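Input: a single structure, listed below in structure tokens.
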Amino acid sequence: MKIGCPTEIKPQEFRVGMTPDAVREAVAHGHEVIIQAGAGNGAGFQDEDYRAAGATLLGTAEEIFAAADMIVKVKEPQAGERKMLREGQLLFTYLHLAPDPEQTKDLMESGCTAIAYETVTDAHGGLPLLAPMSEVAGRLAPQVGAWTLQKANGGRGVLMGGVPGVAPAKVVVIGGGVVGTHAAKIAAGMGADVTVLDRSLSRLKYLDDVFGGTFKNQYSTAGATAELVREADMVIGAVLIPGAAAPKLVSRAQLSEMKPGAALVDVAIDQGGCFETSRATTHADPIYEVDGIMHYCVANMPGAVARTSTQALGNATLPFLLNLADKGWKQACEDDPHLLNGLNVHAGQLTYYAVGKALGIDVISPALALKS
Ligand SMILES: NC(=O)c1ccc[n+]([C@@H]2O[C@H](COP(=O)([O-])OP(=O)(O)OC[C@H]3O[C@@H](n4cnc5c(N)ncnc54)[C@H](O)[C@@H]3O)[C@@H](O)[C@H]2O)c1
């Protein structure tokens, strides 16, 4: 198969769909890989790295889209890229179609087959191509929160680990899923005094069994949250209710009870945020203050560490990418129902129920698409 990987063109996106290592593996499987010149620059991969791995480099996205059987990307195709997709071409990338009727319409009109990273599943009920970015955002949260806490940035001037004779920062993590667990691990590793709140008893049991000696956990109620938030130097928002906007768990009124200069890091901002005063920010201007409390609400946190994020995403996508290339999408999806769950669009029709429901578009079952 001819696999094409163009440069990402969405603003502030520095990741790339394939690492040189992924190229090397695909080439070893007998595939041809074409990479747009400069595509890896933002993630620290040079054109020579790709050439050495066996890729052919082409100058423009037009050439990549025209030549490739499968396009591998990170972000959803932008309007200009969508015009270049064609019937029968396979697209493997994040799509997030439910809130995006224009993209959905364009993908359907292109006649391409689109498999979305975010809806591929695994045997444990997880989302294996979404999890790596949650791991990155979770591990980054205490790092950016610690920076926000510094005096020059408007913060309280508290050091995460304290020093001998001085208490460490108190960190509260709301939501103990993928983001929350990784955030708590890193915050505890920095020496902070960490408590994780979650509403899932099974999750709390897991956290207690595995991390009981590293950080505390508590059942999430409005009362427990209010009490912990009052005492906190940093609160990390990491809740998710699948398919719904994030619940608002800290109100504006509560800010006045918090320690002045405390930091709120709302990782759940991509779902609307879990603090009433959260609004999405960018890496260029990540923090702002409300009622004396510093907020960090960047919606694409993994972009700050594009190299690590590219490698983490690449590790997760590679086995699926190789299967798609080796077998063709139909056989690969027939053999793996979890990959089939990633199918969102095929030959002008929508194949993902939740997207159809959100956008009021008729859907055919993925199994039917396989037979077409
Ligand atoms: N800003 C970014 O760059 C970025 C990057 C990755 C993920 N995210 C977002 O981070 C959020 C968390 O993602 P995740 O992968 O950890 O999800 P997850 O499903 O693994 O974990 C969410 C946790 O929240 C818990 N929860 C739900 N309601 C709660 C409540 N009221 N109180 C306490 N806990 C509650 C759930 O029980 C679950 O354990 C999502 O909104 C995700 O989209 C943002």
Side-chain angles (χ1 to χ4, degrees), residues 10 12-15 74-75 94 96 98-99 116-122 124-145 172-186 195-208 210-211 216-229 235-251 264-276 278-283 286-287 295-306 308-309 312-313 316:
K10 194 166 178 176
Q12 301 257 344
E13 182 53 68
F14 300 104
R15 290 172 290 177
V74 178
K75 280 298 194 190
Y94 286 121
H96 296 288
Y117 291 164
E118 72 274 7
T119 65
V120 172
T121 52
D122 66 21
H124 317 288
L127 300 169
L129 304 189
L130 214 49
M133 293 306 102
S134 287
E135 291 168 0
V136 169
R139 289 187 175 214
L140 191 55
Q143 186 174 318
V144 295
V172 177
V173 182
I174 312 180
V178 181
V179 168
T181 305
H182 283 267
K185 261 168 70 168
I186 295 299
T195 305
V196 177
L197 290 157
D198 204 291
R199 282 189 97 86
S200 157
L201 285 177
S202 61
R203 191 66 194 171
L204 289 170
K205 277 181 192 147
Y206 166 82
L207 293 177
D208 199 62
V210 179
F211 300 105
K216 293 166 267 189
N217 66 77
Q218 204 167 323
Y219 188 72
S220 172
T221 59
T225 306
E227 198 174 313
L228 284 164
V229 164
V235 184
I236 297 174
V239 296
L240 177 66
I241 299 178
K248 302 289 178 216
L249 300 173
V250 177
S251 68
L264 297 182
V265 179
D266 202 343
V267 186
I269 189 67
D270 61 340
Q271 300 291 329
C274 59
F275 311 130
E276 189 186 348
S278 295
R279 60 170 170 81
T281 59
T282 63
H283 292 295
I287 57 175
H295 293 57
Y296 176 102
C297 304
V298 173
N300 66 330
M301 290 174 68
V305 286
T308 302
S309 299
L313 182 61

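Small disclaimer: the values here were computed from a predicted structure and weren't measured. Order of listing sets the numbers, starting from 1, for every ligand and every atom in it.
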Check whether any side-chain heavy atom of Met133 sits under 4.5 Å from a side-chain heavy atom of Arg15, and report yes or no. yes

Kindly print each ligand 1 N/O atom paired with any protein N/O atom under 3.5 angstrom away, one pair per line, or none if nothing qualifies.
residue, atom, partner, partner atom, Å
ligand 1, 1 (N), Val267, O, 3.0
ligand 1, 1 (N), Val298, O, 3.2
ligand 1, 1 (N), Ala299, O, 3.4
ligand 1, 3 (O), Ala299, O, 3.1
ligand 1, 3 (O), Met301, N, 2.7
ligand 1, 15 (O), Ser134, OG, 2.7
ligand 1, 16 (O), Val178, N, 3.2
ligand 1, 16 (O), Val179, N, 2.8
ligand 1, 20 (O), Val178, N, 3.0
ligand 1, 24 (O), Leu240, N, 3.3
ligand 1, 32 (N), Ser220, OG, 2.8
ligand 1, 37 (O), Asp198, OD1, 2.6
ligand 1, 39 (O), Asp198, OD2, 2.7
ligand 1, 41 (O), Asp270, OD1, 3.4
ligand 1, 43 (O), Asp270, OD1, 3.1
ligand 1, 43 (O), Asp270, OD2, 2.7

Heavy-atom side-chain contact between His283 and Asn300 under 4.5 Å: yes

Are Tyr117 and Val74 packed together at the side-chain level, in the sense that at least one heavy-atom pair is separated by less than 4.5 angstrom? no

With heavy-atom distances below 4.5 Å as the criterion, would you say the side chains of Leu127 and Glu118 are in contact? no

Set out, in order, the CA-CA distance, both residues' side-chain angles and the distance that settles side-chain contact (heavy atoms from CB on, under 4.5 Å) for Ile236 and Ile174, then state yes or no. CA-CA 6 Å; Ile236 297 174; Ile174 312 180; over 6 Å; no

Scanning both residues in full, the closest heavy-atom pair of Gln218 with Ala224 reads NE2-CB, 3.5 Å

